[in-house]
J.: 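Can you read through this structure? Questions will come right after.
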Amino acid sequence: MDINFIGENLLPGQIGQFFVILSFGAALLSCIAYFFASKDPLDTAWKTIARGAFWINTISVITIGSILFYIIYNHLFEYHYAYAHSSKALPTHYIISSFWEGQEGSFWLWMFWQCVLSTILVATAKSWESPVMTFVMLCQTFLASMLIGVEVFGTRVGSSPFILLRDAMNWPILSDPNYLSMISDGRGLNPLLQNYWMVIHPPTLFLGFASMIVPFAFAGAGLWQRRYKEWISPGLPWALFAVMILGAGIIMGSFWAYEALNFGGFWAWDPVENVSIIPWFTLIAAVHVMIAYKNSGHAYFTATFLALISFVLVIYASYLTRSGILGETSVHSFTSLGMSGQLIIFNAIFFFVMVGLLVWRRKELPSTQKEEDIYSREFWLFIGALILTVACIQIIATTSIPVFNAIFGTKVAPPIDPIPHYNKWQGAFAVVVMLVTGFTQFLKYKRSDAKKFWTSLLLVLAITLVLSAGVVYVTKVYTNIMYILITFGAVFCILANGKILTDAFKGKWRLAGSAVSHIGFGLLLIGALVAAATSEVISQNSSGYIAVAGFDQVEKPGENLFLTEGEPVQMGDYRLTYIGDSVAMPNVFYKIKYENIDEETGKVKEEFVLTPFAQNNPQMGGLIGTPSTKHYVTHDIYTLITAAASDSHNNDPKASDSEKSGFEDYDEPATYEVNLGDTLRYRNGFFIVENINRDAKIENIPKGEDDIVFGLKIRVVAADGKEFQAEPLFLIKDGNVFDFHKDVEEQGLRFRFSNIKPQADKLELMVYQKPLPEKKWVVFKAIKFPYINFFWCGTIVMTIGFLMAIYRRWKDNRPRTAA
């Protein structure tokens, strides 16, 4: 029997689901048509069909996104996606963020960016369009299948963003025709994701993932069409673009982690962080080997393989983060939506396409019989790419431990503390990569003059030794030999590429882009090293004790300070005062004033207020803090709330008046036997028992003939001179005794006229006082990050270098017109 559900708006979902199916069918048709168009370039019919299907797919993807945003923005909670990821309290920019918080939204984002990139390819790829777009649309077909959400032979394919809440959840209330009236709001956005980085980081990262298909497509098309050497030139700018965008997305994640998350740093070697950096490393390696092949004809297989495997690793990354297999090792992987099988097939298809093409054309691949000279740039570019690849293998092996356990039934435990584990390995790789990046700049392609090479190299090494010693001394990283080596390698890389950059100012601009990007990476590495190695907790607690129950189980008390509102505490050079807070539901912003005091004069040299915020979120284990940071040229001061008074704010608007006015809000009462005229004190003044009102009445209780009602008139005088009147009542009705209290809210007083004792000629008066308000308090941690700006500056410089390199490669590919 059909149930007529009241208030449901089903039309948007029905239209959206239609376009989901259409996008899948159009992507599949476009892929097939481009395949046949590639086999016979002279037959334009297939190409026309392919382009038409591509445009249908693009329009469908845009329509899907528009309808999904409409559902979220208008709070149509009959749809599971809107209910699970948004709420009415979210501002517009966080509603946009909630769009791609879930897997369905993030897959749509990936599809959208592939549509944008494909539009550029259709317009510019020319003879490469059909074979390249075959691979792109194959990928688009798999992505579209992730959103279908239909059952085929009992197996669900994908997860639709338009599934209804009552179909997705097995709640008893959802069988009620009027269930929507019982759902006042959605779950909202994860508290840690309520940050402006959530608006810009995922789109950038997914643009990076989407752009990785293009180098794969050019490399695959080159093998398929036997255009082995030709694909390098058009593929190289796309590879550089993908490296730049994915790198920017990864660094944005570092910014986000540093500014908004609470683990006190910019990289935690979390598995989800790892799976994004792995394909970035391999594509960087691919770019360098592609350049080497373009200039020398060496290492064609390596260039092609790395371009292909980079996208395969992107799909593998999607499997790791979206299958739920990293649920126990990562703090921010997706939960499984039952698409593990699809993701495995997606990965397997592209892996076998890669292997199949390489094996199929293995006998025809370009090669050179002449061995690479050790004094040639291409040789060391190959070595550098090999080192990056080995570094990736180490990261993949450790990150994939849950996968190995699932496949082979083993119980290998991942590293207990991943940061030192990865740093030990990746630090060594970083040293070698920096050294190779540096001295390769002194080499030429094919053959270099050994004497000139060693003369230039030794001079720069000598300068590097002096500067590195200075950097090590100033930054105080001399406690660890690995830190010293990484510093030396990074400084050497910067100086060696600086020499190339000086040549650029003389008019040799062709290599400027690579030099700038290498300098940026060197600066980034120094910033990351120094900030991580020399960061220090400055909120030192000499007592080693924090008077908060269970605090020592989640934090180190010796690294945290307890602040009571309005009471200054000295912390090194700073005097700190917790000056209050403000509430922007569901977050509380805690205002902590820093004052730098001159020891001689006692005057305040500097003053600023940091406002870290936090919220109590039981679903995420308690207090979730977001830091606030003071930026200086040479360092940052990073402040994070680690505990706060749980009752400092009454954030529950649903509390009833009876709950707020019950006797539980008062201290134990004081009971007095008084006479008229007696004066008694309370903490903020005194009160006088003035008289008895024998004509008192009780509202809503009729007085019978034998009933007796007395009121006790009390005058309250506060310390500031203000006066208040109170008249508690005493009732004898039908032989039973009752009393009715009277409050003086302004003074936190409650009076009860509880008894009359005629034998003692006394009146019994009970006086309740509200407890003194407990002062608000917070516990916080402050960390100093020296020279962190090298990290951010290096990121900007590296991105500028990539832009310069992309422009150069794009300019090289432009057809030259005859003069």
Side-chain angles (χ1 to χ4, degrees), residues 236 239-240 243-244 247 251 277 280-296 299 302-303 306 372 374-392 426-445 448 453-454 456-461 463-465 467-468 471 482 484-504 510-529 790-791 793-795 797-802 804-805 808:
L236 187 53
L240 284 165
V243 168
M244 179 186 72
I251 300 300
I277 204 171
W280 189 56
F281 276 176
T282 56
L283 193 59
I284 288 174
V287 165
H288 285 82
V289 182
M290 288 164 70
I291 293 172
Y293 176 77
K294 187 176 174 64
N295 286 276
S296 67
T302 305
L306 288 172
E372 295 168 291
I374 193 172
Y375 284 104
S376 66
R377 178 172 289 188
E378 62 269 20
F379 175 79
W380 289 103
L381 286 174
F382 175 81
I383 296 298
L386 182 63
I387 295 165
L388 280 172
T389 304
V390 175
C392 287
Q426 297 303 315
F429 288 130
V431 173
V432 180
V433 167
M434 288 293 96
L435 292 175
V436 172
T437 302
F439 73 71
T440 303
Q441 304 306 315
F442 301 106
L443 296 170
K444 298 183 181 301
Y445 289 106
S448 303
F453 166 75
W454 283 108
S456 301
L457 178 62
L458 291 173
L459 176 62
V460 174
L461 281 173
I463 299 172
T464 300
L465 195 60
L467 288 180
S468 297
V471 172
M482 183 57 71
I484 296 173
L485 291 174
I486 293 175
T487 302
F488 180 84
V491 171
F492 175 65
C493 174
I494 292 170
L495 289 177
N497 283 276
K499 178 183 179 300
I500 303 298
L501 199 57
T502 57
D503 293 340
R510 291 184 59 78
L511 296 178
S514 63
V516 171
S517 58
H518 291 153
I519 290 171
F521 190 73
L523 290 171
L524 182 151
L525 196 62
I526 289 178
L529 164 71
F790 279 110
F791 185 82
C793 179
T795 301
V797 172
M798 184 174 66
T799 303
I800 293 172
F802 278 124
M804 295 170 66
R808 174 204 163 180

J.: Got a sec, which residues hit ring pair (Phe, Tyr, Trp, His ring centres under 6.0 Å) with Tyr293, two or more places apart in sequence or on another chain?
T.: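 Tyr293 satisfies ring pair (Phe, Tyr, Trp, His ring centres under 6.0 Å) with Tyr300 once adjacent residues are dropped.
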J.: For the atom pair CG (Leu459) and OG1 (Thr464), what is the distance rounded to the nearest 0.5 Å?
T.: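 Here the interatomic distance stands at 9.0 Å.
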J.: Below 30° counts as parallel, above 60° as perpendicular, anything between as tilted: where do the rings of His518 and His288 land?
T.: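 If you compare the ring of His518 with that of His288, the planes turn out parallel.
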J.: Does Phe281 have any ring pair (Phe, Tyr, Trp, His ring centres under 6.0 Å) partners at least two apart in sequence or in another chain, and if so, which?
T.: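 So Phe281 forms no ring pair (Phe, Tyr, Trp, His ring centres under 6.0 Å) with any residue.
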J.: Give the C-alpha distance, both sets of side-chain angles, the deciding distance and a yes or no for side-chain contact (heavy atoms from CB on, under 4.5 Å) between Tyr445 and Ile291.
T.: CA-CA 10 Å; Tyr445 289 106; Ile291 293 172; 3.1 Å; yes
J.: Out of curiosity, Asn497 CG to Thr437 OG1, how far, rounded to the nearest 0.5 Å?
T.: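 If I round to the nearest 0.5 Å, the distance is 7.5 Å.
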J.: Between Ser517 (side chain) and Ser514 (backbone), is there a donor-acceptor pair under 3.5 Å?
T.: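 Yes.
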J.: Nearest heavy-atom pair of Phe439 and Phe453: which atoms, and what distance?
T.: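 Nearest pair, atom of Phe439 first, then Phe453: O-CE1, 3.6 Å.
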J.: Apply side-chain contact (heavy atoms from CB on, under 4.5 Å) to the pair Val431 and Met482, showing each step before the final yes or no.
T.: CA-CA 9 Å; Val431 173; Met482 183 57 71; 4.1 Å; yes
J.: Hey, could you give me the CG/CG distance between Leu388 and Leu283, rounded to the nearest 0.5 Å?
T.: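 Rounded to the nearest 0.5 Å, the CG-CG separation comes out at 11.0 Å.
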J.: Looking at CG of Leu386 and CG of Leu306, how far apart are the two atoms once the value is rounded to the nearest 0.5 Å?
T.: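 The distance works out to 9.5 Å.
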J.: Determine, step by step, whether Leu435 and Trp380 satisfy the side-chain contact (heavy atoms from CB on, under 4.5 Å) criterion, reporting the C-alpha distance in whole Å, the side-chain angles of both residues, the deciding distance to 0.1 Å, and the verdict.
T.: CA-CA 11 Å; Leu435 292 175; Trp380 289 103; over 6 Å; no
J.: Are any of the side-chain heavy atoms of Leu524 and Ile251 separated by less than 4.5 Å?
T.: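 Leu524 vs Ile251: side chains touch.
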J.: Is the number of heavy atoms from other residues, nucleotides or ligands within 6.0 Å of CZ (Phe790) greater than 12?
T.: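 No, not enclosed.
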J.: If you apply the rule side-chain contact (heavy atoms from CB on, under 4.5 Å), what do you find for Val460 with Ser456, and how did you get there?
T.: CA-CA 6 Å; Val460 174; Ser456 301; 5.6 Å; no
J.: Take atom CD1 in Ile374; do more than 12 heavy atoms of anything else shown fall under 6.0 Å from it?
T.: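 Atom CD1 in Ile374 is not packed in, count stays at 12 or less.
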